[in-house]
Amino acid sequence: MRPYTLDNMISKQLNTFQNAIQALVEQHRPAEAIDALRRKIAEAMPTRRDKATYASMLARLDTLDTNYTYLLNFLASGVADPGRENVYRSILAGILAVTEHLVVAERTADEHSAYCSTRRTLAMRPGPSIAAMLGQIADEPDRARAEQLRSDLFMRLWTQFPLPASDAEALAACFREQSADHATRSLAVSATMLGLLEQFDERRLAVLVDAYTADADLRIKAAAIISILIALWRFGSHPISAKMKARIDAAADTPGWHSHLKAAYLELIRARDTERINRKMRDEILPRMMNLRPDILEKINDGSIDPADIEGLQENPQWQDLLDKSGISDRLKELTEIQLEGGDVMMSTFAGLKQFPFFATISNWFLPFDPAHTAVADAAGQAGVLASLLNSAPTMCDNDKYSSMLAMATLPQAQRDMMAANFRGQEQNIAEAMRTIDAELEPEQFRRFLNIHTQNLNRFFKLSPHHADFADPFASTINLLNVPALSADFDDAELVAVVAEFYFKLGYYDDAFDMFSRLDTIAAPDAARYQKMGYCMEKTSRPGRAADLYRRAEIFDPESLWTLRRLAAVLRAAGQADEALEAYRRLAQKQPDDTRTALLLGYCLMEKGLYEEAIAQFYKVDFLDDKTHKAWRPLAWTLFLARDFDRADQYYRKILSDAPRSNDYLNMGHVALARADIREAVNFYRLAVDTSDARSLDLRSAFAADASALDAAGVDPLLPPLVADAVTRCR
């Protein structure tokens, strides 16, 4: 299935048609699929200029039809055919390939997306083959001309469909022999992936596999495996030929594949977290920092800080106090930890720096950073230290580095000189950073390259001027669990466990649960796993399922207080009061002096109507913790429910003497009403209304919510509506 729907009606019809053909293939009805394709091509062909393309599709269909007929004849004759499955798979793949070819041709004729517009433009001026273009770039001495040739290569490789076998072979040789420079090979990987995401093309997938297996450069390997995983997820249900399956299996057998797959998958999960990080920056940290600005200015203006003392401004402990009290310090610390783990905290920062003309060229979003690039060379030359600093910045992606250089080029010369002077003082730190990077072990380098490439991709799909023309693979979960070509990898307990824990840590509880469930089929039972699975269900509002899993965890670790506490909580949330009470009693036996357990047991007893036992628990909490008074409110309410109005009155008066809330006045009114003291009840209800937020308390709704309690207390049911009107009308 295509994960997106294009805007115009023709493309929607194509999308529907393509899904219908794929459904026929998945249902093993190739004859019907061939007939439907033949009718569609014959219908479209008379209206198109490029009739040769449509004729070639019909010829390909005839070949597939003939092959399928031969296969059926062999089957009907009872002749043994050991290659039947491979032939059948190739027929299914061929049907989908013709479908893809038809959809591309029809989209190119009618759509105005960047992909289709570029295809039409290039069709009007046919150029050299990919192999020839690679040779031209390698031989071009002029830097600006070489940059343009790389961009041309990118555009042709992105939009050429299907990729000719000769071009695929030329690219494979380029990666194998590293006959092109790093920038060219890197752009080739990105262009191949971008074209593959438009329409499935098995040769493109093969090129990406070749880039991973044949190229010795870890940066290329990182880009290739990220591209492979995105493509396999995008076309997870698309049949592939036996030859392609063998190539993927061969890649999986290469040294390092397993660790690379794990690292790449974690990077794709982390990329999904970028939007949450951006929201945290946009909605929490930046607004709070803006709110602090008046306080900081006040500190400066009251004479406690000399504005001329720059060092004092940087180190003033009063500012740190403001940050600590506002909660910003904790959030900044969290962001720092996220960044150290590879999280993308800079996307929102650089989003406003993607408006330069440089980024109007699609290929530039994927270009490795080079301070000698003609677009930034002038700025780099005037602040060479900055360029060196950016080169050594391990957490910045390439197009953020270009953004920094392009932004610097817009500054007045005086400011550029000042920045350059400041950066020169950092030369020793830069040299140390470079030494640290050079000393990285291969796994660390690979993870860093994965991080950089994924950030480049994420910025393109989110921030590019053309982003609306592309389906963003990071907009939803990239779940590799059910990708057939990777099924063997997810039979590995270690890999599944790492991915499950990563999802769990980031708070993607549905995905974490799926991974833990998969792990449960291939690994021995484990209490911690069932605890986490239960927690996932609890966090996604499925308390009944959570209870089942917590009970399973108890089987393997019966002494876990944490499990018992969560079990009691979810049973109570699921409305299983008897089972929850039993769990809280067990917990209280294990923790007789724990006030939190006693409080929760008291709540559960109160809800069951066991008021005397509940009151005993609340008294116990008040005795063990005589400072917080956290038992007063539930105790007062339970005394009211038990019709012990005198003691309920005593406790509510204590509560009202210590930071009362609107609800406390409401409950005190109930006590007065139950004691038939109407005048005092009206006064307390009036206080409840006056102290509620924006005086929003609706007494009639409050009386309705507490109707059963008032009835149990013996309150005449005619009184509440009369009292409500008395409160509002008799002032």
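Here, residue 1 is the first one in the sequence, and each next residue gets the next number.
Classification of the Phe235-His238 ring pair by plane angle, with boundaries at 30° and 60°, yields perpendicular. Between Tyr212 and Trp257, the ring-plane angle classifies as perpendicular under the 30° and 60° cut-offs. Using the six-membered ring where Trp is involved, Phe460 and Phe366 have ring planes that are tilted, between 30° and 60° apart.
For Pro484, there are no side-chain contact (heavy atoms from CB on, under 4.5 Å) partners at least two apart in sequence or on another chain.
Without hydrogens or angle criteria, Ser186 side chain to His182 main chain gives no donor-acceptor distance under 3.5 Å. Without hydrogens or angle criteria, Thr477 side chain to Asn479 main chain gives no donor-acceptor distance under 3.5 Å. Here the side chain of Lys221 pairs a donor or acceptor atom with the backbone of Asp215 at under 3.5 angstrom. Looking at Thr540, its side chain does come within 3.5 Å of a backbone N or O of Met537 through a donor-acceptor pair. The closest donor-acceptor contact from the side chain of Glu100 to the backbone of Gln199 lies at 3.5 Å or more, if one exists at all. Not one N or O on the side chain of Ser151 forms a donor-acceptor pair closer than 3.5 Å with the backbone of Glu147. In this structure, the side chain of Arg120 engages the main chain of Glu111 through a donor-acceptor pair within 3.5 Å. In this structure, Arg203 contributes its side chain and Leu163 its backbone to a donor-acceptor pair below 3.5 Å. In this structure, His467 contributes its side chain and Ser464 its backbone to a donor-acceptor pair below 3.5 Å. Asn19 places a side-chain N or O within 3.5 Å of a backbone atom of Asn15 that can act as its donor or acceptor partner.
Side chain to side chain, Thr184 and Arg150 meet the donor-acceptor criterion of an N or O pair below 3.5 Å. Between the side chains of Gln22 and Glu26, at least one donor N or O sits under 3.5 Å from an acceptor N or O.
Closest heavy-atom contact between Met57 and Ala105: CE-CB, 3.9 Å. Residues Val189 and Ser227 come closest through the heavy atom pair CG1-OG, 3.8 Å. The nearest pair of heavy atoms linking Ala242 to Asn86 is CB-OD1, 3.4 Å. The shortest non-hydrogen separation linking Ile362 to Ala114 is CD1-CB, 4.3 Å. Taking all atoms of both residues into account, the shortest heavy-atom contact from Val499 to Leu266 is CA-CD2, 4.1 Å. The two residues Arg529 and Leu519 make their nearest non-hydrogen contact at NE-CD2, 3.6 Å.
By the 6.0 Å and 45° rule, Arg518 does not stack over the aromatic ring of Phe490.
Taking a 6.0 Å sphere around OH of Tyr115, one finds it holds more than 12 heavy atoms contributed by other residues, nucleotides or ligands. Residue-environment remark: CZ (Phe17) exceeds the threshold of 12 foreign heavy atoms within 6.0 Å. Within a 6.0 Å sphere centred on CD of Glu85, heavy atoms belonging to other residues, nucleotides or ligands number 12 at most. Within 6.0 Å of NZ on Lys51 lie more than 12 heavy atoms contributed by other residues, nucleotides or ligands. The environment of Glu177 atom CD is dense: over 12 non-hydrogen atoms of other residues, nucleotides or ligands sit within 6.0 angstrom.
Ion pair Lys539/Asp510 not flagged as a salt bridge, since none of the NZ, NE, NH1 or NH2 atoms sits closer than 4.0 Å to an Asp/Glu carboxylate oxygen. The existence of a salt bridge linking Arg204 and Asp201 is confirmed by a sub-4.0 Å separation between a basic side-chain nitrogen and an acidic carboxylate oxygen. For Asp472 and Lys462, the salt-bridge test passes: some basic side-chain N is under 4.0 Å from an acidic carboxylate O. In summary, Asp65 and Arg38 engage in a salt bridge, as defined by a charged side-chain N under 4.0 Å from a carboxylate O. Ion pairing of Arg247 with Asp210 is present here, as a side-chain N (NZ or NE/NH1/NH2) and a carboxylate O approach within less than 4.0 Å. Classification of Glu494 and Lys262 as a salt-bridged pair holds, one side-chain N sitting under 4.0 Å from a carboxylate O. Electrostatic pairing of Arg39 and Asp35 does not count as a salt bridge here, judged by no charged N lying under 4.0 Å from a carboxylate O. The residues Asp167 and Arg156 are annotated as not salt-bridged, no charged nitrogen and carboxylate oxygen being separated by less than 4.0 angstrom. Here Glu106 does not pair with Lys40 in a salt bridge; the nearest charged N to carboxylate O distance is not below 4.0 Å.
Contact check for Trp158 versus Ser363: no side-chain heavy atoms found under the 4.5 Å cut-off. For the pair Arg545/Phe513, a side-chain contact is recorded, criterion being any heavy-atom separation below 4.5 Å from C-beta on. Residues Pro46 and Tyr54 form no side-chain contact, since every pair of their non-hydrogen atoms from C-beta on lies 4.5 Å or further apart. A 4.5 Å side-chain heavy-atom check between Glu198 and Arg107 finds at least one atom pair inside the cut-off. No side-chain heavy atom of Met515 sits under 4.5 Å from any side-chain heavy atom of Tyr508. For the pair Leu457 and Ile230, the minimum side-chain heavy-atom distance is below 4.5 Å. Between Ile478 and Leu229, every side-chain heavy-atom pair lies at or beyond the 4.5 Å cut-off. Side-chain contact check for Asp81 versus Leu75: every heavy-atom pair is 4.5 Å or farther apart.
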Exercise. Given the rule in the salt bridge (Lys or Arg N to Asp or Glu O under 4.0 Å) test, do Arg219 and Asp398 qualify, once you have shown the distances and angles that lead to the verdict?
Worked result: CA-CA 12 Å; Arg219 295 170 294 181; Asp398 296 291; over 6 Å; no
Problem set entry | Steps toward side chain to side chain contact (heavy atoms under 4.5 Å, CB included) verdict (Phe446, Leu450) | CA-CA 6 Å; Phe446 192 75; Leu450 288 170; 3.6 Å; yes
For this session: Go through the steps for His112 and Asp469 under the test side chain to side chain contact (heavy atoms under 4.5 Å, CB included), then give the verdict.
Result: CA-CA 9 Å; His112 299 288; Asp469 289 340; over 6 Å; no
For this session: In sequence, state the C-alpha distance, the side-chain angles, and the governing distance for Arg448 and Ile452, and then conclude on side chain to side chain contact (heavy atoms under 4.5 Å, CB included).
Result: CA-CA 6 Å; Arg448 184 161 57 84; Ile452 289 170; 4.2 Å; yes
Exercise. Can you list the steps and then say if Arg272 with Asp511 is a side chain to side chain contact (heavy atoms under 4.5 Å, CB included)?
Worked result: CA-CA 12 Å; Arg272 175 188 172 191; Asp511 298 310; 2.5 Å; yes
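Here the straight-line distance linking atom CG of Leu480 with atom CG of Asp489 works out to 9.5 Å at 0.5 Å rounding. For the atom pair OH (Tyr503) and CZ (Phe516), the distance works out to 12.0 Å, reported to the nearest 0.5 Å. We find the CG-CZ distance between Leu194 and Phe154 to be 5.0 Å, quoted to the nearest 0.5 Å. The CG atom of Asn456 sits 5.0 Å away from atom CG of Asn399, with the distance rounded to the nearest 0.5 Å. Atom CD1 of Ile41 sits about 11.0 Å away from atom OG1 of Thr53, to the nearest 0.5 Å.
If you run side-chain contact (heavy atoms from CB on, under 4.5 Å) between Ile34 and each of Leu24, Ile21, Asp62, Leu61, only Leu61 comes through.
Tyr265 and Phe502 have their aromatic ring centers separated by at least 6.0 angstrom.
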